[in-house]
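Shown next, in structure tokens, is the structure this report addresses.
Bear in mind the structure is a predicted one, so any value in this text is a computation, not a measurement. Both ligands and their constituent atoms are indexed starting at 1 by order of listing.
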Amino acid sequence: MLTFYSDDHRLHHAQGEMVGGEFKPCFEMPARADHVLARVRERDIGEVLAPRDFGLTPIARIHTADYLDFLQKAWAGWAAQGNTADFLPGVFPARHLRAKRPNDLYGQYGFHSFDCFAPITAGTWQAVYSSAQVALSGQAEIAAGAHSAFALCRPPGHHASADVMGGYCYLNNVAIVAQACLDQGAARVAILDVDYHHGNGTQSIFYDRDDVFVANIHGSPSFEYPHFLGYADEAGAGRGEGFNLNLPLAAGSAWDIWGAALETACQRIAAYGPDVLLVSLGVDTYQNDPISSFKLDSPDYLRMGERIAALGKPTLFVMEGGYAVAEIGINAVNVLEGFQGA
Ligand code: OKP
Ligand code: ZN
């Protein structure tokens with residue numbers, strides 16, 4: 001299968017994040033994508049292509065104008081105030097406050113964020129724009145008849161909703177792609193999110209819709225990030241009732257439990273009968289991942305790819321998380337190899 005990749009991801013390399021009360025190097029770093037790309041080449045999965053530019057229109061089908069405006073202008077405004085370090089938010093319209101969008105940059109950042117894990121740097125907009133174009137290029141390949149493709153996105157996207165960033169995510173790549181599929185004539189799209197963390201952004205974007213079925217397998221929000229979405233009783237609303245599936249799992253879950261959840265998700269996806277399958281491919285379920293608790297081993301990712309392939313759908317893999325940097329490539333490409341070999 002073809003891989004789409006842009007070097008622009010390097011333009012987003014933030015200084016750090018809070019870990020255990022200390023400002024530490026970001027887990028979400030450029031080397032992640034380098035390892036995946038190196039493994040794609042080493043295993044000869046297929047050609048690696050630069051993305052095409054589909055512009056802002058498909059991005060604006062998912063994200064609000066205010067949000068995109070903030071993302072594009074934030075760094076310049078921050079720098080104009082004399083700042084040189086990363087821009088981070090600090091105040092959010094949580095319960096008991098008023099969610100009215102302020103006029104100042106700092107207020108707008110809090111309005112458009114749910115945590116402090118989406119820093120803005122000089123290159124962030126270009127990096128997230130290109131990441132979305134990488135995803136859209138994969139979508140175009142599927143639309144042109146390919147059975148599968150790999151969008152090597154960085155930064156990831158599944159925590160970003162229509163107008164709120166967080167969790168290393170700014171533009172929701174997989175959601176942008178799902179909407180592009182529908183806009184080009186697909187009737188139903190399924191998203192399978194296998195990242196260790198619940199894809200709260202993807203869920204929220206499609207929660208009241210029946211044209212995108214979203215299935216998530218993740219560490220339960222009862223103990224894990226993002227803490228405030230991802231429970232099993234979130235099944236969709238209105239027309240979307242029954243079109244969201246959450247499979248929260250206990251800390252320490254290994255392949256026996258994870259594989260059973262994948263079986264449940266795949267059966268629901270098969271029953272939905274999508275025209276296209278999009279996989280939010282996070283490999284932070286790996287046993288040595290520094291920020292997760294699951295216990296998947298590298299060969300388990302081959303099984304994952306095989307089960308996904310058995311659905312028999314045109315499938316786009318969209319890279320999300322994975323922080324055991326040296327092993328991200330092996331694990332992500334194992335999913336692709338399992339898919340192709342099945
Ligand atoms: C992004 B993706 C809290 C740490 C919060 C943010 C995790 C973002 C994960 N102790 N870290 O889903 O891989
Ligand atoms: Zn994750």
Protein N/O near ligand 1 N/O, under 3.5 Å, which pairs?
unit_1: ligand 1; atom_1: 12 (O); unit_2: H158; atom_2: NE2; d: 2.6
unit_1: ligand 1; atom_1: 12 (O); unit_2: H159; atom_2: NE2; d: 2.7
unit_1: ligand 1; atom_1: 12 (O); unit_2: D195; atom_2: OD1; d: 3.0
unit_1: ligand 1; atom_1: 12 (O); unit_2: H197; atom_2: ND1; d: 3.1
unit_1: ligand 1; atom_1: 13 (O); unit_2: D195; atom_2: OD2; d: 3.3
unit_1: ligand 1; atom_1: 13 (O); unit_2: H197; atom_2: ND1; d: 3.4
unit_1: ligand 1; atom_1: 13 (O); unit_2: D284; atom_2: OD2; d: 2.9
unit_1: ligand 1; atom_1: 13 (O); unit_2: Y323; atom_2: OH; d: 2.5

Taking distance alone, no hydrogens or angles, what donor-acceptor pairs closer than 3.5 Å link side-chain atoms of residues 84-97 to residues at least two apart or in another chain?
unit_1: D86; atom_1: OD2; unit_2: Q15; atom_2: N; d: 2.7

Legend entry - E320 backbone or side-chain N/O/S under 2.8 Å from the Zn ion (ligand 2): no

Legend entry - Vertex the Zn ion (ligand 2), arms to D284 OD2 and H197 ND1, rounded to 10°: 100°

Legend entry - Atom of D195 closest to the Zn ion (ligand 2), considering N, O or S atoms: OD1

Legend entry - Flag if over 12 foreign heavy atoms under 6.0 Å of CZ, R239: no

Inset, instruction - Classify the side-chain pair D297/Y286 by whether it contains a donor and acceptor separated by less than 3.5 Å. - result: no

Legend entry - Residue of the set D53, T124, D8 for which side-chain contact (heavy atoms from CB on, under 4.5 Å) holds with Y129: D53

Legend entry - Distance-only side-chain donor-acceptor flag, Y170 / S131, under 3.5 Å: no

Inset, instruction - Say whether T202 and H158, considering side chains only, have a donor N or O and an acceptor N or O under 3.5 Å apart. - result: no

Legend entry - Distance-only side-chain donor-acceptor flag, D7 / Y5, under 3.5 Å: yes

